[in-house]
Amino acid sequence: MSDKRPVVIDLRFARESVVSALRSAFPDRPVIDMGDPANADRDLSEAEFAVVWKPDPELFRRATGLKAIFSGGAGVDHILSAYELPDLPIIRFVDRSLTDRMSEWVVWQCLHHLRNGIAYASQQRDRVWHEIAEQPEARDVTVGVMGLGVLGADAVRKLKVMGFDVIGWSRRAKSIEGIETFDAATLDAFLGQTDILVGLLPLTGDTRGIYDRALFSKLRRTGPLGGPIFLNAGRGGSQKENELTKCLADGTLNAASLDVFEKEPLPADSPLWTMPNVIVTPHAAAASDVRALFRHVEAQIARVEAGKALEFVVDRTSGY
Ligand code: NDP
Ligand code: OXD
């Protein structure tokens, strides 16, 4: 019998992935899985750690003995904006698998737009054999990445390997080899050089609604892709969807690839579903691998037990 206090799990993920990962996770401590209806009324006051994704708001009132809260994903807006949270460390999920997946999505979408993917898919549906003569190379196209954190920093490197000209923007100045970087004060200069804009920002008070008509209007219009393209895999709350839709209709934006939306699932009546210049993926750019998540939580708990500081702790003031 373990003398360790329990970890409580409340993850609104595909149930089977949680059940399966729990079979081998946390071997040395009790687990209270809130996805199991048998635990609905369990006393949670003994729980020491919580691992959550969009949890039941009651959890934080019931689990009064927590030492730290682990987010089931890289983003923490799902708890920071929606709950009255106890004053405890909140730890983001940072993991190679999640980072690789996000960079795959970003590179995939940039290449898709570079190589006329939308036009060729449409031609195939109509059985049209026609080579589009104007085919720029990656080096002719500047990809501007907003957010140079764990995900953005990896994406810019991989885009660079593919040959794109890559620039990046973040709140504080950054130095990344081979990449021109911009900070909060130089946003307009960054936008004016950007052909494909990639959103990898967290959702905070400062980034809510940042992708609006005014911002899209500042992107470079003279690039080789016939107009600016917008990719967003950060958070939907950062895009003003009404303005985004109008910009896609009137040519302010040439095309978009969107993984995140103001409201998820994207409502069936959203025009974005059927716009010919829009690619929709269902918040699937970089899903958390639950086994990797539990390994990350175990590693952080081991640090606490060894008297070391937790890593990837959220700054509650800046909101990420
Ligand atoms: P990080 O916290 O590592 O990085 C955030 C980056 O955004 C930093 O570079 C930060 O700047 C920058 N930033 C934050 N606020 C501002 C601001 N106001 N102005 C300019 N730059 C700002 O986060 P990650 O890279 O790990 O993740 C980014 C986001 O991606 C997550 O918060 C989540 O919302 C989203 N995500 C989406 C997934 C999906 O499947 N679609 C999967 C995983 C994550 P600075 O460096 O100066 O601090
Ligand atoms: C995350 C996400 O934040 O999947 O990890 O959106």
Side-chain angles (χ1 to χ4, degrees), residues 11-14 17 51-55 70-82 90-106 108-109 144-158 167-176 179 181-191 197-212 215 231-239 257-262 264-266 279-290 292-293 296-297 311-320:
L11 292 168
R12 309 295 155 109
F13 291 161
S17 65
V51 188
V52 301
W53 183 256
K54 302 181 181 171
F70 291 89
S71 168
V76 289
D77 52 295
H78 68 104
I79 41 179
L80 284 187
S81 59
I90 299 171
I91 297 97
R92 295 175 348 96
F93 181 32
V94 174
D95 178 66
R96 181 205 53 78
S97 65
L98 190 143
T99 306
D100 283 352
R101 283 177 186 178
M102 180 57 84
S103 292
E104 288 164 11
W105 187 92
V106 170
W108 168 39
Q109 294 304 322
V145 178
M146 288 179 80
L148 293 174
V150 174
L151 302 183
D154 192 67
V156 294
R157 287 193 192 96
K158 289 174 179 166
I167 61 178
W169 182 77
S170 56
R171 194 159 65 94
R172 296 163 291 195
K174 289 259 169 332
S175 167
I176 305 177
I179 313 282
T181 55
F182 298 77
D183 62 12
T186 51
L187 177 59
D188 286 5
F190 163 84
L191 295 171
L197 180 69
V198 178
L200 284 178
L201 288 170
L203 182 61
T204 68
D206 291 337
T207 64
R208 184 172 292 282
I210 191 169
Y211 307 122
D212 61 3
L215 180 140
L231 272 54
N232 193 7
R235 280 291 182 267
S238 294
Q239 68 205 15
S257 294
L258 305 171
D259 185 60
V260 289
F261 301 89
E262 277 178 0
E264 296 180 5
L266 181 62
I279 294 171
V280 169
T281 54
H283 200 139
S288 296
D289 173 323
V290 188
L293 169 65
H296 146 90
V297 174
E311 298 170 302
F312 319 122
V313 177
V314 171
D315 172 354
R316 297 274 280 264
T317 313
S318 51
Y320 65 97

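Each ligand, and each atom within it, is numbered from 1 in the order the structure gives.
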Within a distance under 4.0 Å of any heavy atom of [X], pick out the atoms of ligand 1 and give their elements.
{"X": "Lys174", "answer": "45 (P), 46 (O), 47 (O)"}
{"X": "Met102", "answer": "37 (C), 38 (C), 39 (C), 41 (N), 42 (C)"}
{"X": "Ala233", "answer": "35 (C), 36 (N), 37 (C), 38 (C), 39 (C), 41 (N)"}
{"X": "His283", "answer": "39 (C), 40 (O), 41 (N)"}
{"X": "Leu200", "answer": "28 (C)"}
{"X": "Gly149", "answer": "1 (P), 3 (O), 4 (O), 6 (C), 8 (C), 9 (O), 25 (O)"}
{"X": "Gly147", "answer": "6 (C), 7 (O), 9 (O)"}
{"X": "Trp169", "answer": "19 (N), 20 (C), 21 (N)"}

Residue part near ligand 1, for [X], under 4.0 Å between non-hydrogen atoms:
{"X": "Thr207", "value": "side chain"}
{"X": "Val260", "value": "side chain"}
{"X": "Met146", "value": "neither"}

Is the number of heavy atoms from other residues, nucleotides or ligands under 6.0 Å of Arg12 CZ greater than 12? yes
Taking the side chain from [X] and the backbone from [Y], do they hold a donor-acceptor pair closer than 3.5 Å?
{"X": "Asp259", "Y": "Ala285", "value": "yes"}
{"X": "Thr207", "Y": "Ser238", "value": "no"}
{"X": "Ser71", "Y": "Val76", "value": "no"}
{"X": "Arg92", "Y": "Tyr320", "value": "no"}

Under 30°, 30 to 60°, or over 60°: which ring-plane class applies to Trp53 and Phe13, parallel, tilted or perpendicular? tilted
Are Asp100 and Ser103 close enough that a side-chain donor and a side-chain acceptor fall under 3.5 Å? no
[X] N/O to ligand 1 N/O under 3.5 Å:
{"X": "Leu98", "answer": "no"}
{"X": "Val150", "answer": "yes"}
{"X": "Ala284", "answer": "no"}
{"X": "Arg172", "answer": "yes"}
{"X": "Arg92", "answer": "yes"}
{"X": "Tyr320", "answer": "yes"}
{"X": "Asp77", "answer": "no"}
{"X": "Asp259", "answer": "yes"}

Among Asp315, Leu201, Val314, which one has a heavy atom closest to atom 29 (C) of ligand 1? Leu201
Check each of Leu258, Asp183, Leu151, Val76 against atom 25 (O) of ligand 1 and report the one with the nearest heavy atom. Leu151
Starting from atom 7 (O) of ligand 1, what is the nearest protein heavy atom, named by residue and atom, and what distance separates them? Pro202 CD, 3.3 Å
Could you identify the single nearest non-hydrogen protein atom to atom 42 (C) of ligand 1 and state the distance to 0.1 Å? Ala286 O, 3.4 Å
Is there any protein N/O under 3.5 Å from an N/O of ligand 2, and what does the full list of such pairs look like?
from, atom 1, to, atom 2, distance (Å)
ligand 2, 3 (O), Ala74, N, 3.3
ligand 2, 3 (O), Gly75, N, 2.7
ligand 2, 3 (O), Arg235, NH2, 2.7
ligand 2, 5 (O), Ala74, N, 2.7
ligand 2, 6 (O), Arg235, NH1, 2.9
ligand 2, 6 (O), Arg235, NH2, 3.2
ligand 2, 6 (O), His283, NE2, 2.6

Could you go through Ser97 and Asp95, starting from their C-alpha distance and side-chain angles, then the distance that decides it, and tell me whether this counts as side chain to side chain donor-acceptor pair (under 3.5 Å)? CA-CA 6 Å; Ser97 65; Asp95 178 66; 2.3 Å; yes
